[in-house]
**Student:** 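The structure that follows is given in the form of structure tokens.
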Amino acid sequence: LDNLINIYAPVDRNGIDNTFIKVTLDDGKVFEVDYRNTTINQDSDAKESLMASDFLNYRLLQRAYAFKHTAEIDLFSLFDEAVLPYVQFSTTNWHDATGSIIQLTNASDIYKIVERGPEKQYPKKNGDLGFPQKGAHRAAHSEFSALVANFEADLDKLIQN
């Protein structure tokens, strides 16, 4: 973010840039963003409005063809960056690190969990902590397996459509 600072913006006596962007929606909801206040990144309404953006530019499309002839073409990183953040999948329940149940619908959020895998917080027979096992930690193992299966099914539907 430092390279996006307006170098012509006035600063207060503490050297703080007090410029901001403020948007008021038709329903009265107000969003304000400045260098220190980035809470908009966690707002579900703001995230949803970002998903309505279907802007594709030539750089993004060009990346689909930027492969060497000797390399196998793998478009998933492009898909991960440019498509998944804007797609909603079927609701999936997930226990976060605190044990609270959260409902996930954003494809990118679900994929981050699939990619990372379950937490290594389950005791093994030797006392070490490991991944949930089908027998010993059935609920956690089933939850992660279901999350992966649902992600694969929704991704398959997305690709087919």
Side-chain angles (χ1 to χ4, degrees), residues 1-67 73-121 131-132 139-140 142-161:
L1 280 178
D2 288 339
N3 60 344
L4 297 177
I5 295 174
N6 182 348
I7 61 173
Y8 301 106
V11 294
D12 66 14
R13 63 178 177 216
N14 297 321
I16 305 295
D17 174 357
N18 291 316
T19 58
F20 62 91
I21 297 171
K22 184 176 183 178
V23 176
T24 304
L25 302 182
D26 291 340
D27 66 0
K29 187 158 188 172
V30 177
F31 293 106
E32 190 171 307
V33 181
D34 65 43
Y35 183 68
R36 295 174 312 275
N37 178 9
T38 58
T39 56
I40 193 170
N41 295 336
Q42 304 306 316
D43 186 278
S44 60
D45 290 337
K47 284 182 176 182
E48 187 175 343
S49 69
L50 180 62
M51 287 182 254
S53 170
D54 55 358
F55 182 76
L56 293 175
N57 63 33
Y58 72 93
R59 289 182 186 158
L60 177 66
L61 295 174
Q62 189 272 337
R63 282 181 53 200
Y65 296 98
F67 294 97
I73 296 174
D74 181 4
L75 294 177
F76 195 78
S77 64
L78 176 69
F79 200 76
D80 182 22
E81 294 172 27
V83 177
L84 293 182
Y86 307 101
V87 174
Q88 299 300 305
F89 280 173
S90 56
T91 302
T92 301
N93 291 328
W94 179 251
H95 284 84
D96 65 9
T98 66
S100 300
I101 296 177
I102 56 174
Q103 291 187 329
L104 301 167
T105 55
N106 180 264
S108 183
D109 292 343
I110 297 169
Y111 178 64
K112 286 175 186 170
I113 296 171
V114 170
E115 183 179 37
R116 182 180 65 234
E119 301 291 330
K120 280 187 163 184
Q121 62 185 17
F131 297 116
S142 296
E143 181 181 56
F144 184 74
S145 297
L147 179 113
V148 171
N150 289 342
F151 178 80
E152 288 175 346
D154 286 344
L155 183 62
D156 188 50
K157 286 179 201 171
L158 176 66
I159 292 169
Q160 294 298 323
N161 289 330

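Predicted model, so just to flag it, every value in this text is computed and none were measured.
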**Student:** Answer whether the closest heavy-atom distance between the side chains of Val114 and Leu147 falls below 4.5 Å.
**Tutor:**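 They are in side-chain contact.
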**Student:** Glu143 and Trp94: which non-hydrogen atoms are nearest, and at how many Å?
**Tutor:**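 Taking every non-hydrogen atom into account, OE2-CA, 3.6 Å.
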**Student:** Quick check: do Phe151 and Leu104 have side-chain heavy atoms less than 4.5 Å from each other?
**Tutor:**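 No, their side chains stay 4.5 Å or more apart.
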**Student:** Can you confirm if the aromatic rings of Phe76 and Tyr111 lie within a centre distance of less than 6.0 Å?
**Tutor:** yes
**Student:** What distance do Glu152 atom CD and Asn150 atom CG have between them, rounded to the nearest 0.5 Å?
**Tutor:**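 Between Glu152 CD and Asn150 CG, I get 9.5 Å after rounding to 0.5 Å.
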**Student:** If we only count heavy atoms from C-beta on, is the Asn106 to Phe89 side-chain gap below 4.5 Å?
**Tutor:** no
**Student:** Which heavy atom of Val30 sits nearest to which heavy atom of Lys22, and what is that distance?
**Tutor:**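 What the structure gives for the nearest pair is CG1-CE, 3.6 Å.
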**Student:** Would you compute the distance between atom CG of Asp109 and atom CD of Gln88 and round it to the nearest 0.5 angstrom?
**Tutor:**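 Rounded to the nearest 0.5 Å, the CG-CD separation comes out at 8.5 Å.
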**Student:** Taking the side chain as every heavy atom from C-beta outward, state whether Thr92 and Thr105 have any pair of such atoms under 4.5 Å apart.
**Tutor:**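 SC-SC contact between Thr92 and Thr105 ruled out.
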**Student:** Going by side-chain contact (heavy atoms from CB on, under 4.5 Å), name the residues that satisfy it together with Ser90, two or more places apart in sequence or in a different chain.
**Tutor:** Asp154
**Student:** Can you see whether Gln103 engages Thr91 through a side-chain donor-acceptor pair at a distance of less than 3.5 angstrom?
**Tutor:** no
**Student:** First locate atom CD of Glu32, then atom OG1 of Thr39, and finally report the distance between them rounded to the nearest 0.5 Å.
**Tutor:** 9.0 Å
**Student:** Evaluate side-chain contact (heavy atoms from CB on, under 4.5 Å) for Phe79 paired with Val87, printing each intermediate quantity in order.
**Tutor:** CA-CA 11 Å; Phe79 200 76; Val87 174; over 6 Å; no
**Student:** Applying side-chain contact (heavy atoms from CB on, under 4.5 Å) to Phe20 and Val33, what does each step give before you reach the verdict?
**Tutor:** CA-CA 6 Å; Phe20 62 91; Val33 181; over 6 Å; no
**Student:** On a heavy-atom basis, which atom in Ile113 and which in Phe144 lie closest, and how many Å separate them?
**Tutor:** O-CE1, 3.7 Å
**Student:** So with a 6.0 Å cut-off around CD1 of Ile21, is the heavy-atom count from everything else above 12?
**Tutor:** no
**Student:** Would the number of heavy atoms belonging to other residues, nucleotides or ligands and lying under 6.0 Å from CG of Asp27 be above 12?
**Tutor:** yes
**Student:** Under the criterion side-chain contact (heavy atoms from CB on, under 4.5 Å), I'd like the reasoning laid out for Leu84 against Ile110: C-alpha separation, chi angles, the key distance, then a yes or no.
**Tutor:** CA-CA 9 Å; Leu84 293 182; Ile110 297 169; over 6 Å; no
